Protein chains: 2
Amino acid sequence: MKLTRKSAAPRDGAPTLDRIDRAILRHLQQDASISNVSLAAKVKLSAPACLRRVERLKESGLIRGVVALLDARALGAGMLVVIGFVLDRSTPETFAAFEKAAQKVSGCIECHVVTGEFDYFMLVRTRDNDSFNRLHAEQLLYLPGVRQVRSFIVLKEILSTHALPL
Amino acid sequence: MKLTRKSAAPRDGAPTLDRIDRAILRHLQQDASISNVSLAAKVKLSAPACLRRVERLKESGLIRGVVALLDARALGAGMLVVIGFVLDRSTPETFAAFEKAAQKVSGCIECHVVTGEFDYFMLVRTRDNDSFNRLHAEQLLYLPGVRQVRSFIVLKEILSTHALPL
DNA sequence: CTTGAAATACTACTACG
DNA sequence: CGTAGTAGTATTTCAAG
């Protein structure tokens, strides 16, 4: 099977995307509840052609999934906290144990290994001060191999998106 | 308009959700590309009844939107960096200026005011070391009112979700 | 006020040019 | 890639709980 579609700046590894593919991704990234026909109209393509591209983008893994974004506050998870961790010792076992346990922390939405003065950063959603205090005392402090836990409570969410530049 | 549907643990402010609503949200949060009929089957409801609930959840704002999640690496944004900022002075004007400028940083996906030793945390997606170095030198260091910029490069993304517990 | 059944309109999807 | 046709879905209407 030969690919005929070309991009202006072909980078390797990634499937080659033309202007229309990028337009499709740009739209779906912001609203994927739109029907295929109106998406096709937006990118000036016939419906089947548009659908074929969307399916190809899904199969290629470029579209990882389609999800509903919920209102955290309405669901009693209006408080966001950034947490930095320093581990006792930097051994593979220590890291593995921490990572396994970290994924089970209630409301943990992100967890990353980082360079610098912390070993891990975690983002946790919880209800309020009380619930975070409980989480802190009952879960965070008991994560294996932790020497230091530093919490940065989010006072205001300036920007929160998932949209990548295209 | 009065709501009659009741939940076991009614909290105020949030619209009251019953077991079925939560099941719907739980499913859509993980896969919103599913058709309404199969969603209805999963939550053991007729298609129209299910659709009505979904629409209500959208109108109430509880479902903020439906979006496609893209593969960052395939799109040349495989590098994630957590950045902490300390501002020169803590005045309303300083903060406002920073926030306005921060939203324009290329690849900035999150930005929050936090308590503690930093004033802001920002999450940025970029391509690689080179592109981040450029971003750092050309944009981050020029953000208004910044005294200190501390970057934590993400070496490994352990967990990254948007799903809230229901 | 919510539900399910039937009917309609629209959309996704397939085959073909 | 587009056109035309088919299959299935979303959406409305309505009667009932």
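Every chain is numbered from 1, with letters handed out A, B, ... down the list of sequences. Given the structure is predicted, the values throughout are model-derived calculations rather than measurements.
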Take B/L140 and B/M122, measure what side-chain contact (heavy atoms from CB on, under 4.5 Å) needs, and give me the verdict at the end.
CA-CA 10 Å; B/L140 300 183; B/M122 186 186 277; 4.3 Å; yes

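Counting heavy atoms from C-beta outward, A/N129 and A/F132 have side chains that stay 4.5 Å or more apart. Residues A/S131 and A/D128 form a side-chain contact, since some pair of their non-hydrogen atoms from C-beta on lies under 4.5 Å apart. Side chains of B/R125 and A/L164 form a contact here, defined as non-hydrogen atoms less than 4.5 Å apart. Between B/H136 and B/V81 there is no side-chain heavy-atom pair separated by less than 4.5 Å.
Each of B/F85, B/Y120, B/F121 was checked for a ring pair (Phe, Tyr, Trp, His ring centres under 6.0 Å) with A/F152, and the lone residue meeting it is B/F121.
The side chain of A/P48 approaches D/dT3 more closely than any other nucleotide in the set D/dC1, D/dT3, D/dT12.
Atom CD1 of A/I20 and atom C1' of D/dG2 are 13 Å apart (whole Å). D/dC1 atom P lies 12 Å from atom CG of A/L51, rounded to whole Å. Computed from coordinates, the A/R53 CZ to D/dG2 P distance equals 9 Å when rounded to whole Å. Here D/dT12 presents its P atom at 7 Å from CD of B/E55, a figure rounded to the nearest Å. Look at CG on B/L45: it is 16 Å from P on D/dT11, rounded to the nearest Å.
Residue A/R52 places no side-chain N or O under 4.0 Å from the OP1 or OP2 atom of C/dC13.
Between the side chain of B/Q29 and the main chain of A/L70, no donor-acceptor pair closer than 3.5 Å is present.
Less than 4.0 Å separates DNA chain D from no heavy atom of any residue of residues 29-38 of chain A.
Taking five base pairs at each end of the helix from C/dC1-D/dG17 to C/dG17-D/dC1, the local helix axes there meet at an angle of 30°, rounded to 10°.
B/K100 NZ to A/I158 CD1: the interatomic distance, rounded to the nearest 0.5 Å, is 14.0 Å.
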